[in-house]
Number of protein chains: 2
Amino acid sequence: MATVPRPGPYVCGIDAAMDVIGGKWKVLILWALDERGSCRFGELRRLVPGITEKVLAAHLRELEADGVVHRESYQEVPPRVEYSLTPTGARLNAALAPLGAWGREHVLGGVPHPDAPR
Amino acid sequence: MATVPRPGPYVCGIDAAMDVIGGKWKVLILWALDERGSCRFGELRRLVPGITEKVLAAHLRELEADGVVHRESYQEVPPRVEYSLTPTGARLNAALAPLGAWGREHVLGGVPHPDAPR
DNA sequence: CGGTATCCACGATGATACTG
DNA sequence: CAGTATCATCGTGGATACCG
């Protein structure tokens with residue numbers, strides 16, 4: 001992965017996108033944010049079981065730098081931060097839908113119900 | 001990545017698919033095979049500049065184990081091997097198209113020509 | 001031509017502890 | 001609550017040499 005000044009040069013749009021979603025947990029984070037609309041840090045940690053705080057924080061910073069996640073920090077005590085998808089992030093998620101359908105059909109067992117998301 | 005008995009369990013189809021295309025050069029290999037239809041080993045090496053023989057061979061073995069690439073070995077001398085996409089692989093490539101469009105638009109500069117593939 | 005066999009470097013991730 | 005700091009680990013990929 002990387003942050004926004006891309007190392008490139010990219011051969012095509014796909015490896016550029018792969019660089020954005022290349023982190024081990026990134027698509028799960030995007031998925032959680034897409035379903036919930038807005039999440040706090042601890043909530044995300046629970047929604048992505050197994051991820052450590054360090055990696056979650058790092059992934060969120062990269063996704064933010066890539067313009068797909070918005071971070072809103074409320075200066076309160078106790079601290080409160082809300083993460084959400086940007087419009088660009090929502091479009092990325094939509095672009096991932098066909099890939100999810102392929103994975104369900106060809107990697108996981110067949111297609112039990114065509115309306116199950118991802 | 002991994003070979004066909006998947007480590008899983010996957011949370012959704014997307015991370016299952018990500019595991020198939022997760023290698024550094026895999027989408028480029030799929031792209032090349034999609035454009036050419038069928039490629040020999042040395043041809044692929046030229047079409048994916050920078051990849052080493054070892055990694056190309058490893059990626060091809062994994063893609064084959066995942067059922068997206070077909071390997072046809074002709075018992076001749078000099079040796080000849082042809083790689084091509086399986087129907088499943090072609091569908092995977094089609095599923096990657098929206099992701100490529102997103103990458104072109106949001107990571108690379110705008111959309112100079114809407115007919116350029118990937 | 002189409003690979004394998006070794007060895008190695010590096011970056012990404014994991015574990016744990018601590019802080020504003 | 002929402003992180004940061006530090007260190008250990010592990011897997012992917014790179015370099016090079018060799019083989020049927």
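All heavy atoms count here, side chains included; hydrogens, waters and symmetry mates do not. Lettering follows sequence order; numbering is per chain, from 1.
Between A:Arg71 and the phosphate of D:dG3, there is a side-chain N or O to OP1/OP2 separation shorter than 4.0 Å. Residue A:Arg61 places at least one side-chain N or O under 4.0 Å from the OP1 or OP2 atom of D:dT4. Residue A:His59 places at least one side-chain N or O closer than 4.0 Å to OP1 or OP2 of C:dT13. In terms of phosphate contacts, A:Tyr83 brings a side-chain nitrogen or oxygen within less than 4.0 Å of OP1 or OP2 of D:dG3. Between A:Lys24 and the phosphate of C:dG14, there is a side-chain N or O to OP1/OP2 separation shorter than 4.0 Å. Within the structure, every side-chain polar atom (N or O) of B:Arg45 is placed at least 4.0 Å from both OP1 and OP2 of C:dG3.
Between the side chain of A:Asp19 and the backbone N or O of A:Ala16, no donor-acceptor pair lies under 3.5 Å.
Side chains of B:Leu33 and B:Ile29 form a contact here, defined as non-hydrogen atoms less than 4.5 Å apart. For the pair B:Leu28/B:Leu47, no side-chain contact is recorded, criterion being any heavy-atom separation below 4.5 Å from C-beta on. At a threshold of 4.5 Å between non-hydrogen side-chain atoms, the residues B:Glu62 and B:Lys26 count as touching. Looking at B:Leu60 and B:Phe41, their side chains come closer than 4.5 Å, going by heavy atoms from C-beta outward. Between A:Leu56 and A:Trp25 there is no side-chain heavy-atom pair separated by less than 4.5 Å.
At the heavy-atom level, B:Arg40 lies under 4.0 Å from the strands shown only through sugar-phosphate atoms. Residue contacts for A:Tyr74: at a heavy-atom cut-off of 4.0 Å it reaches no nucleic acid atom on any strand shown.
Look at CD1 on B:Ile51: it is 9 Å from P on D:dG13, rounded to the nearest Å. Spacing between atom CD of B:Glu72 and atom P of C:dC1 amounts to 20 Å, rounded to whole angstrom units. As rounded to whole Å, 13 Å separates atom C1' of C:dG3 from atom CG of B:Leu44. If you measure from atom CG of A:Leu60 to atom P of C:dT13, you get 13 Å, rounded to the nearest angstrom. Atom CD in B:Glu64 sits about 14 Å away from atom C1' in C:dG2, given to the nearest Å. In this structure, A:Ile21 places its CD1 atom 17 Å from C1' of C:dA12, rounding to the nearest Å.
Taking for each of A:Pro78 and A:Ala57 the nucleotide of DNA chain D with the nearest heavy atom, the 5'-most of the two is the partner of A:Pro78. Where B:Glu53 and A:Glu53 meet DNA chain D, the nucleotide closest to each residue was compared, and A:Glu53 sits on the side nearer the 5' end.
Each end of the helix from C:dC1-D:dG20 to C:dG20-D:dC1 gets its own axis, taken as the rotation carrying the C1' atoms of four end pairs onto the next four within a five-pair window, and the two axes meet at 50° to the nearest 10 degrees.
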Donor-acceptor contacts, no H, no angles, side chain residues 78-92 of chain A, under 3.5 Å, sequence neighbours left out:
unit_1, atom_1, unit_2, atom_2, d
A:Arg80, NH1, A:Glu76, OE2, 3.1
A:Glu82, OE1, A:Ser38, OG, 2.8
A:Tyr83, OH, A:Arg71, NH1, 3.3
A:Thr86, OG1, A:Gly67, O, 2.7
A:Thr86, OG1, A:Val68, O, 3.3
A:Thr86, OG1, A:Thr88, N, 3.4
A:Thr86, OG1, A:Gly89, N, 3.0
A:Arg91, NH1, B:His106, NE2, 3.2

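Nearest nucleotide to the B:Val81 side chain, out of D:dA2, C:dG2, C:dA15: C:dG2. Comparing atom distances between the A:Val55 side chain and each of C:dG14, D:dG13, C:dG2 picks out C:dG14 as nearest.
Here the straight-line distance linking atom CD1 of B:Ile21 with atom CG of B:Asp66 works out to 11.0 Å at 0.5 Å rounding.
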